[in-house]
Number of protein chains: 2
Amino acid sequence: MVESSIQLDLVFTALSDSTRRSILARVAEYEMSIGEIAQHYKLTFAAISKHIKVLEKANLITKRRRGKEQIVIIVPKSLDVAREHIERYADMWEDRFNNLDKILEEK
Amino acid sequence: MVESSIQLDLVFTALSDSTRRSILARVAEYEMSIGEIAQHYKLTFAAISKHIKVLEKANLITKRRRGKEQIVIIVPKSLDVAREHIERYADMWEDRFNNLDKILEEK
DNA sequence: GTATCATTCAACTACATGGTTGAATCAAGC
DNA sequence: GCTTGATTCAACCATGTAGTTGAATGATAC
């Protein structure tokens, strides 16, 4: 535990399950109720509800009430933290690559 | 399980742990042996070895032998699959946002 | 081939996760 | 206030994961 970023932990954990990625893709297109989401999967309602809670905890989605239903809404900027983190690896590697000249000179 | 992408599962699972992200950041800058990596953490050697195996399984890093040591090397393009997936969510949301006009017309 | 250093494997513990079922909650409609 | 529909909670089971320790392997140096 060095770069203690709980938010990143939560986001990557949420994205590590294909059912959750599928749900996220769904609500990225159309906001919909939990019941509507659950219809598309063989899992029980409760299981879907749990997956949605994981996405919510990672702040990838949020909920709003519409009568009896809970409407699931994507939080658009929430994935930025993950995207930016991934870019950072690329940048580091790029820097290292650009320093190859120096390394070769030492030979 | 809808968009059965085991590779994405592995990559996001690997990135969901801050120790592994830290290791990945380290080897993105400089390639180094497992022993050198382990020195920076309070965990046992075996624990670090396990973390590195998770990163290897996700194809984020690879290993090369140098005498007695195993040198850990980042696989630069391996994160693309994750980055591209994240971009897709953004695109979907963008499309939906651009269609707001039509939705408002229906009102 | 023996000693040594670097790493991995095996066995184990503790805890988290993904799934189930059935009861409980909560808002709406009558 | 009762019923119904939508969702969540609680309890439980099975499996996976992160960590440990100690033994086993693999490569080098002598």
Side-chain angles (χ1 to χ4, degrees), chain A residues 1-24 26-27 30-73, chain B residues 1-24 26-27 30-73:
Chain A
M1 267 265 241
V2 164
E3 181 204 336
S4 158
S5 174
I6 294 158
Q7 175 62 11
L8 273 176
D9 284 17
L10 293 173
V11 169
F12 284 128
T13 298
L15 294 176
S16 70
D17 182 278
S18 65
T19 301
R20 285 194 292 266
R21 289 197 300 273
S22 168
I23 292 173
L24 193 56
R26 231 172 258 287
V27 301
Y30 312 100
E31 57 184 53
M32 53 205 302
S33 73
I34 296 178
E36 287 171 316
I37 293 167
Q39 282 173 10
H40 294 90
Y41 304 88
K42 281 175 281 185
L43 302 177
T44 58
F45 206 99
I48 298 295
S49 179
K50 273 190 181 185
H51 278 307
I52 288 173
K53 192 174 287 184
V54 174
L55 291 166
E56 196 178 14
K57 213 165 145 194
N59 199 37
L60 291 168
I61 57 132
T62 187
K63 285 187 270 187
R64 164 167 55 78
R65 196 165 263 287
R66 184 181 66 192
K68 294 184 205 172
E69 299 171 319
Q70 297 266 34
I71 304 298
V72 177
I73 309 157
Chain B
M1 269 264 241
V2 165
E3 179 207 336
S4 160
S5 174
I6 294 157
Q7 175 63 11
L8 273 176
D9 284 17
L10 293 174
V11 169
F12 284 128
T13 298
L15 293 177
S16 70
D17 181 279
S18 65
T19 300
R20 284 193 293 265
R21 289 197 301 273
S22 169
I23 291 172
L24 193 57
R26 228 172 261 286
V27 300
Y30 311 101
E31 59 183 51
M32 54 206 298
S33 73
I34 298 179
E36 286 171 317
I37 293 167
Q39 281 174 8
H40 295 89
Y41 303 88
K42 279 174 282 186
L43 301 177
T44 59
F45 206 99
I48 297 296
S49 179
K50 273 190 179 183
H51 278 306
I52 288 173
K53 193 175 287 184
V54 174
L55 291 167
E56 195 177 13
K57 213 166 146 192
N59 198 36
L60 291 168
I61 58 135
T62 186
K63 284 187 271 188
R64 163 166 58 76
R65 196 166 264 286
R66 185 180 65 191
K68 295 183 205 173
E69 298 171 318
Q70 297 266 36
I71 304 298
V72 178
I73 308 158

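Taking the nucleotide of DNA chain C with the nearest heavy atom to each of A:Asp17 and B:Glu36, the more 5' of the two is matched to B:Glu36. Residues B:Thr13 and A:Ile71 both approach DNA chain D. Their nearest nucleotides, taken by heavy-atom distance, put A:Ile71 toward the 5′ side. Nearer the 5' end of DNA chain C, as judged by each residue's closest nucleotide, is the contact made by B:Ser33, out of B:Ser33 and A:Phe45. A residue-by-residue look at B:Gly67 and B:Ala46 shows that B:Ala46 has its nearest nucleotide of DNA chain D further toward the 5' end.
For the pair A:Ser49 and D:dT7, the criterion of a side-chain N or O lying under 4.0 Å from OP1 or OP2 is not met. For D:dT20, the OP1/OP2 oxygens have a side-chain nitrogen or oxygen of B:Thr44 closer than 4.0 Å. Between B:Lys42 and D:dG19, a side-chain N or O to OP1/OP2 separation shorter than 4.0 Å is absent. Considering only side-chain N and O atoms, A:His51 lies under 4.0 angstrom from the phosphate OP1 or OP2 of C:dG19. The phosphate of D:dT8 has OP1 or OP2 within less than 4.0 Å of a side-chain N or O from A:Gln70.
Inter-residue side-chain proximity for A:Tyr41 and A:His51 is flagged as unmet; no heavy-atom pair is nearer than 4.5 Å. Counting only heavy atoms from C-beta outward, the side chains of A:Val11 and A:Gln7 approach each other to under 4.5 Å. At a threshold of 4.5 Å between non-hydrogen side-chain atoms, the residues A:Val72 and A:Glu36 do not count as touching.
Whole-Å rounding puts the A:Ile61 CD1 to D:dT7 P distance at 12 Å. We find that CZ of A:Arg20 is positioned 12 Å from C1' of C:dA16, with the value rounded to whole Å. As a whole-Å value, the separation of A:Lys57 NZ from D:dT8 P is 15 Å. What separates CD of B:Glu56 from C1' of C:dT8 is a distance of 12 Å, to the nearest Å. For the pair A:Leu10 CG and C:dA16 P, the computed distance is 14 Å after rounding to whole Å. The distance between atom CD1 of A:Ile48 and atom P of D:dT7, rounded to the nearest whole Å, is 12 Å. Following rounding to the nearest Å, A:Leu55 (CG) and D:dT8 (P) show an atom-to-atom distance of 12 Å. Computed from coordinates, the A:Gln39 CD to D:dT7 P distance equals 10 Å when rounded to whole Å.
Side-chain atoms of A:Lys50 come within donor-acceptor range of the base of C:dG19, with a qualifying N/O pair under 3.5 Å.
Tested against A:Met32 for a side-chain contact (heavy atoms from CB on, under 4.5 Å), the candidates A:Gln39, A:Glu69, A:Arg26 yield a single pass: A:Arg26.
Residues B:Leu10 and B:Lys57 share a closest heavy-atom pair of CD1-O, 3.6 Å.
Across all strands shown, A:Arg66 has no heavy atoms under 4.0 Å from either base or sugar-phosphate atoms.
Going from atom CD of A:Glu31 over to atom CZ of A:Arg66 covers 7.5 Å, rounded to the nearest 0.5 Å.
When distances run from any side-chain atom of A:Lys63 to the nucleotides D:dT8, C:dG19, D:dT7, the shortest one goes to D:dT8. Each of D:dG19, C:dA28, C:dA6 was ranked by its minimum atom distance to the side chain of A:Lys68; first place goes to C:dA28. When the nucleotides D:dA18, D:dA27, D:dT7 are ranked by their closest atom to the side chain of B:Arg65, D:dA27 comes out on top.
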